Every structure is written in C-alpha cells, then in structure tokens.
Visitor: 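Below: one structure in structure tokens.
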There are 2 protein chains.
Amino acid sequence: MAVTIKDIAEKVGVSVTTISRVLNNRGYLSDDLKKKVHEAMEEMNYQPNELARSLSRKKSNVIGLIIPDISHPFFGQITKHIEYYAYKHGYKLMLCNSLLNKKKEKEYIDLLRASQVDGIIMGSHTMSVKEYTSIKLPLVTLDRQISKSIPCISSDNYSGGVLATKLLLSKKCRKIAYLSGNLRLNLLAKQRHDAFIEQVSGKDVGFVVKQTDLNGFKYKEYENLVRELFEEHPDIDGVFASSDILALQVIKECRRLGKAVPEHVKVVGYDGIQIGGTDDLSTVEQPVKKMGELAVKYLLRQIAGEDMPLETILPVKLLEKGTT
Amino acid sequence: MAVTIKDIAEKVGVSVTTISRVLNNRGYLSDDLKKKVHEAMEEMNYQPNELARSLSRKKSNVIGLIIPDISHPFFGQITKHIEYYAYKHGYKLMLCNSLLNKKKEKEYIDLLRASQVDGIIMGSHTMSVKEYTSIKLPLVTLDRQISKSIPCISSDNYSGGVLATKLLLSKKCRKIAYLSGNLRLNLLAKQRHDAFIEQVSGKDVGFVVKQTDLNGFKYKEYENLVRELFEEHPDIDGVFASSDILALQVIKECRRLGKAVPEHVKVVGYDGIQIGGTDDLSTVEQPVKKMGELAVKYLLRQIAGEDMPLETILPVKLLEKGTT
DNA sequence: TTGAAAGCGCTAACAA
DNA sequence: TTGTTAGCGCTTTCAA
C-alpha cells in the first residue's frame with residue numbers, strides 16, 4: 001500500500017490536518033515543522049493522492065478536450081498548445097477523439113462529467129445545440145460556434161476566405177475552384193466558402209465549388225475529390241483549398257496531370273500547418289497557438305467563476321508563397 | 001450539488017449499498033428493484049462520481065500517455081489508435097507532451113502516479129534507465145527500448161533500414177545519404193542507421209550520414225539540414241530520410257535546386273504517415289495501428305497482473321512509390 | 001436479497 | 001500554531 005498522509009503524520013508526530021496544511025501551504029506553520037514534514041515525505045517517498053484531493057475539494061484540475069481527430073495536423077498542433085498552457089496552469093488533459101461519431105462524443109461528455117473534469121474544450125461538434133447547452137459544465141468551443149451563450153474561440157474565417165480568394169483573383173485566375181473537405185469538421189469554415197462566393201460573384205471569372213461531407217478523414221477521399229475536380233473542369237487555373245492537407249493533394253494531382261504550379265494552376269491552402277512540404281504553400285494561417293492559449297485561458301476563467309468574452313475571433317494572416 | 005447515490009437510495013427507499021450493487025451489477029438483485037433504481041437514476045439525472053469510485057476501488061481506469069510531441073504526425077497517428085483501443089476497453093487517456101524536456105517528463109510521471117493512473121505508455125525517453133525502472137507502475141514503452149524488464153512495442157527498425165537502403169541500391173544510386181532528425185526522438189531509429197551503414201559498406205557506392213540532434217521539432221532546422229546536405233554533396237543521387245517529414249523536405253529542396261525526383265535523386269522516407277503529399281513517397285511503413293493496439297493491450301494485461309511479451313517487434317513494409 | 005458500517009486518502013470548518 | 005471531527009461519494013465486508 002502506498003504511503004499516505006496518515007503515515008507521515010505518525011512519523012512526524014502531528015495530526016493529519018497539519019500535514020494537509022503543509023501540503024497545501026495553508027495556515028500558520030513553523031518553518032521547523034514544515035521542514036520536518038517535507039523531510040519525512042521525501043524519506044517515505046510520499047505522493048499525495050490526487051484522486052482523494054479532488055474528491056474532497058470538488059475540483060480535479062483536469063480538463064477534457066474533445067476533438068474530431070488528433071492525427072489531423074491542425075488538431076495535433078492546437079492540442080499541443082492546449083496541453084502546454086493547461087500544464088503551465090496546473091491542469092491535466094484528458095484526450096477524447098470523437099472521430100465525428102455522435103454516440104462517442106456523447107459518451108465522452110458523460111464520461112468527462114463523471115470524471116469530474118473542471119471543464120471541457122470542445123473542438124468537435126456533432127450534437128444538437130440543445131445538448132450542448134445542457135452540458136452544465138464550464139465549456140469553451142474551438143472554431144465552431146454552437147450557441148451565443150457558449151464562449152467560442154475561432155479565427156476570422158470570413159476574412160481568411162476573402163484573403164485567399166482575392167489572392168487568386170489578383171493573380172488573374174480565370175476559373176477558380178473552392179474545395180472543402182468534411183464540412184462538419186468545422187462549421188465556421190462555411191464562412192470561407194461564403195467569402196469565396198461573394199468575392200467571385202459578379203466578376204468576370206468562372207468558379208466551381210466542390211465539397212465532400214464524408215465522415216472521418218479519409219485522405220483517399222480527398223484524392224478522389226481532387227481528381228474529379230480536374231476531370232470535370234480541366235480549365236481550372238486557381239484552387240482555394242479549405243485545408244493545407246487538401247491543397248497538398250491538389251498540388252500532387254497537378255503534378256500528375258503535368259500542370260505546373262503556379263504557372264498553370266495557382267493553389268492556396270488554409271490552416272498554416274507547418275508540416276514538411278507545406279512550407280512553400282500559399283495559405284491562410286490560423287493563429288493556432290493563440291487559439292489554444294485562449295481556449296485554456298477562458299476555460300480557466302470560467303472555472304474560476306470569472307467572466308470572459310463569449311466570442312473571440314482572432315485575425316488570420318495570408319502567407320503568400322510559391323504556389324500562387 | 002450533484003445528485004449522489006444517497007439521493008437515489010432515499011428516493012427508491014433502499015440503502016446506498018443496494019444502489020451501489022445495481023450500479024455495478026453485483027450480487028443478487030430483483031429485476032423489479034433494478035428497474036426502479038434505473039428509473040430513479042434516469043429521472044434524477046444521476047451520474048456516478050468516477051473519482052469516488054476510483055478512490056474506493058483503487059483503480060482509476062485512466063492510462064497516461066507520454067510522448068514527445070502530439071503535433072508530430074507519427075505520434076498523432078499512434079495516439080489516435082491508442083485512444084481508440086483504450087476507449088474500447090473502458091480506459092481514459094491522459095495526454096502528456098514532454099517536448100523532450102527531461103524536467104517536464106519527470107514531473108508528468110509524478111503527476112500521473114499522483115493521479116493514480118493505472119498505467120503509463122511511454123513514447124518519450126529522456127531520463128536514465130534507473131529512473132524508469134523505479135516508476136513502479138505498469139509501463140509499456142513505445143518504439144524505444146529502455147530496459148529488458150520493461151515491455152517495449154516497436155517495429156523492426158533494422159529491417160526497415162535494410163529495406164530502404166536496398167531499394168536505393170537496387171535503383172543504382174551512386175552516392176547515398178542517410179538523413180536523420182532528432183535522435184533522441186527515437187533511439188531505436190539508430191538501428192535504421194546501422195542497417196544503412198552495413199548495407200552500403202564495402203560496396204561500390206559513396207555514402208554520407210547527416211543527423212541533427214536538436215531539441216524539439218523545428219521544421220526550420222530540417223530545412224537547413226537538407227540544404228547543407230546538398231551544398232556539401234551536390235552529387236548525391238539517393239536519400240534515405242529517417243522520417244517522412246524529413247523526406248518531404250528533401251523533395252522540396254530538390255525541386256528548388258531543379259533536381260528531378262526520382263530521375264536525378266531518389267528519395268525514400270520512413271514512417272508511412274498518410275498525410276496529404278506523402279502518398280507518392282516511397283517509404284518504410286510502420287504498423288502504427290498495430291503498435292498502438294498492442295501498447296494498450298499489453299499495458300492492460302500488465303494492469304490485470306497477467307504477463308505479456310517483453311519485446312514485441314512488428315514487421316515493417318516497404319512501400320515503393322514514385323520517388324524512387 | 002438487503003443493510004449497517006467501516007473505510008479509500010484527503011480537506012476544512014471549528015475548537016482549542 | 002495545531003488538533004478533532006465530519007465529510008467528499010462510493011465500495012465492500014460482514015451480518016441479518
């Protein structure tokens with residue numbers, strides 16, 4: 001059996017309360033006593049039981065993170081930053097991959113609640129608004145606005161859409177495609193689409209929109225999507241892909257078809273993930289780090305009962321590189 | 001205050017013991033009673049407190065996962081599979097990103113122990129062997145052999161190295177480079193290097209080895225590494241990169257230098273991550289899914305007190321694609 | 001088939 | 001400055 005606060009108390013010859021006090025550095029304690037207690041802890045290799053502490057305090061210092069797929073670079077990166085800030089503030093992270101599966105997402109929410117997490121960061125969204133508002137737990141959503149009453153951290157998808165489209169227009173593209181992967185992945189991404197439509201409408205350019213709304217992230221599907229695009233519209237000379245991963249597929253397909261990028265086809269991606277191979281890609285960069293930081297920050301504020309902005313829209317940045 | 005087992009007990013008019021029994025489906029219970037209890041739970045929206053259960057049972061059903069960097073695609077993918085299997089078996093995942101920082105890794109191990117996790121999957125390794133063997137918690141390491149006494153799941157790095165090198169040799173490369181990123185990232189990856197050396201030695205081909213042992217994953221560093229390689233050895237016509245990410249950098253640099261791939265330079269990567277852009281890359285595929293599955297499986301066995309193989313080396317597969 | 005009661009390890013009012 | 005004591009919400013012997 002592991003050594004407990006009681007063992008330390010006996011060893012030092014004081015009450016458990018006192019040990020608890022030095023553990024939490026609360027109340028008045030003589031330096032001498034503190035030292036003795038710490039020595040005893042050291043000696044007996046004591047580790048406080050966080051479960052017991054959490055139960056008693058009614059605070060676990062754990063936050064749940066629900067995302068669609070940790071293996072997707074965008075979520076991988078944002079998770080990295082979320083973990084960083086959470087750790088910095090003494091919080092642990094419980095990772096939940098929903099795979100955009102409604103049942104699993106729901107089960108995870110219950111599981112997180114049962115596990116007494118102090119709050120949840122939601123980067124997945126498959127359920128109805130009502131279900132979310134009934135979660136009754138500090139909550140912050142990432143890049144998807146569920147309801148006006150739930151704080152949401154996102155980047156400026158609309159501007160991003162404008163920037164990307166304008167870039168292609170300024171490069172004299174004559175027929176532009178908007179390509180998007182799984183829509184449910186990111187509802188706010190719809191704004192990119194809207195921005196695209198607004199920008200190309202009424203101008204003397206052709207345009208096509210192609211999206212897939214498949215479940216999960218099948219890169220194979222992306223490949224088909226791109227292939228179809230060029231088969232149906234061989235005269236495309238500009239592509240706005242709603243993720244860098246998708247943009248890479250486009251570039252690959254162009255290579256296969258012998259279309260030079262950017263000479264014949266200009267490509268602009270979205271996300272700004274810094275994975276090898278994307279660094280020459282023109283793209284709209286989302287402030288992943290800031291998004292992760294604020295998600296944690298606002299969640300912690302909410303946990304602390306303080307208030308925070310309900311809507312945070314961070315600026316995006318156009319990175320013009322070699323593919324346009 | 002949330003509703004507890006006690007509230008349910010009062011409502012149904014039985015003792016908490018009985019409620020606990022139906023919760024765990026243990027002992028003799030009349031169907032009628034079960035039904036009434038479940039109804040009451042439903043009605044009062046009862047959620048068992050996992051913290052209390054864990055404390056009492058001395059089992060948390062949480063496993064800790066320590067990896068260097070979740071944003072690295074290889075770890076992102078393996079984490080995805082680990083989460084999948086863990087969830088399937090009723091375990092939650094606590095995500096710990098060590099960033100290859102020794103202090104953080106150590107703190108996380110203590111934190112995990114304090115949090116009473118049932119076991120740890122270690123994909124990061126910065127401390128000394130002694131420190132690991134003193135963890136005294138069910139442990140499985142991923143792709144890095146720490147000690148003979150700690151179960152390790154890895155893929156066959158040696159064979160992978162042989163396969164990749166042989167591929168380049170069979171394609172008549174005259175001067176081959178072995179390129180590796182952070183060594184500490186994966187100590188077993190050294191075997192790829194060894195295999196490379198063995199294969200090229202004594203043959204009529206030139207070879208260079210270039211590695212960086214920097215901390216963290218700076219893609220910028222990768223870029224420099226690759227650039228240097230070609231500056232110092234412009235006559236390189238084959239590259240074995242120890243990760244797909246690195247291989248993508250090589251391909252990009254070749255494009256920049258006007259060297260055609262695979263005509264002038266043949267490139268083979270490692271990992272087999274299916275990120276857009278890598279699907280035309282010749283590479284050695286690691287069985288990520290199987291690795292994640294076995295890591296969880298063997299950890300759970302250990303937790304259950306059963307035994308499991310101490311060394312598991314899974315086969316890798318050469319994927320010959322367009323870059324060789 | 002059910003209940004009483006003693007924990008699990010720690011916290012926190014209240015008292016001293 | 002320190003201790004007593006009653007929980008936190010659940011599990012689990014032991015007894016009925």
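Keep in mind that this is a model prediction, so the values were computed, not measured. Chain letters run A, B, ... following the sequence lines, proteins first, then strands; residues in each count from 1.
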Visitor: Do the side chain of A/S56 and the base of C/dA12 come within less than 3.5 angstrom through a donor-acceptor pair of N or O atoms?
Guide: no
Visitor: In whole angstrom, what separates A/N25's CG from D/dT1's C1'?
Guide: 14 Å
Visitor: Heavy atoms under 4.0 Å, any strand shown: does B/T18 hit a base, just sugar-phosphate, or nothing?
Guide: sugar-phosphate
Visitor: Rounding to an integer number of Å, can you tell me how far A/E10 CD sits from C/dG9 P?
Guide: 13 Å
Visitor: Identify whether any heavy atom of A/T17 sits under 4.0 Å from a base atom; if not, whether one sits that close to sugar-phosphate; answer base, sugar-phosphate or nothing.
Guide: base
Visitor: What is the distance, to the nearest angstrom, from the NZ atom on B/K59 to the P atom on D/dG9?
Guide: 23 Å
Visitor: How many angstroms lie between CG in A/D69 and NZ in B/K80, if you round to the nearest 0.5 Å?
Guide: 4.0 Å
Visitor: May I have the distance from A/K36 (atom NZ) to D/dT1 (atom C1'), rounded to whole angstrom?
Guide: 14 Å
Visitor: Taking atom types as modelled, find out whether B/S155 and B/Q286 have a side-chain donor-acceptor pair closer than 3.5 angstrom.
Guide: yes
Visitor: Quickly work out the B/L55 CG to C/dC10 P distance and round it to whole Å.
Guide: 9 Å
Visitor: Indicate whether any N or O donor in one side chain lies under 3.5 Å from an N or O acceptor in the other, for A/S30 and A/D32.
Guide: no
Visitor: Within this structure, what is the CZ-to-P distance between A/R57 and D/dC8, rounded to whole angstrom?
Guide: 17 Å
Visitor: Mind checking A/L51 for me? I need base, sugar-phosphate or nothing, with any heavy atom below 4.0 Å counting as a touch.
Guide: nothing
Visitor: Examine the side chains of B/N61 and B/R53 and answer whether a donor and an acceptor come within less than 3.5 Å of each other.
Guide: no
Visitor: Ignoring backbone atoms, test whether A/K58 places a side-chain nitrogen or oxygen under 4.0 Å from the OP1 or OP2 oxygen of D/dG9.
Guide: yes
Visitor: Just to be sure I understand the rule, does B/L33 reach a base, reach only the sugar-phosphate, or reach nothing, if contact means heavy atoms closer than 4.0 Å?
Guide: sugar-phosphate
Visitor: Look at B/S20 and D/dT11 and indicate whether a side-chain polar atom (N or O) is within less than 4.0 Å of OP1 or OP2.
Guide: yes
Visitor: I'd like to know if the side chain of A/E293 pairs up with that of A/Y84 as donor and acceptor (distance under 3.5 Å, no hydrogens or angles considered).
Guide: no
Visitor: Tell me what B/R21 touches on the nucleic acid: a base, only sugar-phosphate, or nothing, going by heavy atoms under 4.0 Å.
Guide: base
Visitor: How many whole angstroms separate atom CD of A/E50 from atom P of C/dC8?
Guide: 19 Å
Visitor: Is A/N24 close enough to C/dT11 that one of its side-chain N or O atoms is under 4.0 Å from OP1 or OP2 there?
Guide: yes
Visitor: Could you tell me the separation between the CG atom of A/N49 and the P atom of D/dC8, rounded to a whole number of Å?
Guide: 18 Å
Visitor: Which nucleotide sits closest to the side chain of B/I5: D/dT11, C/dC10, D/dG3?
Guide: D/dT11
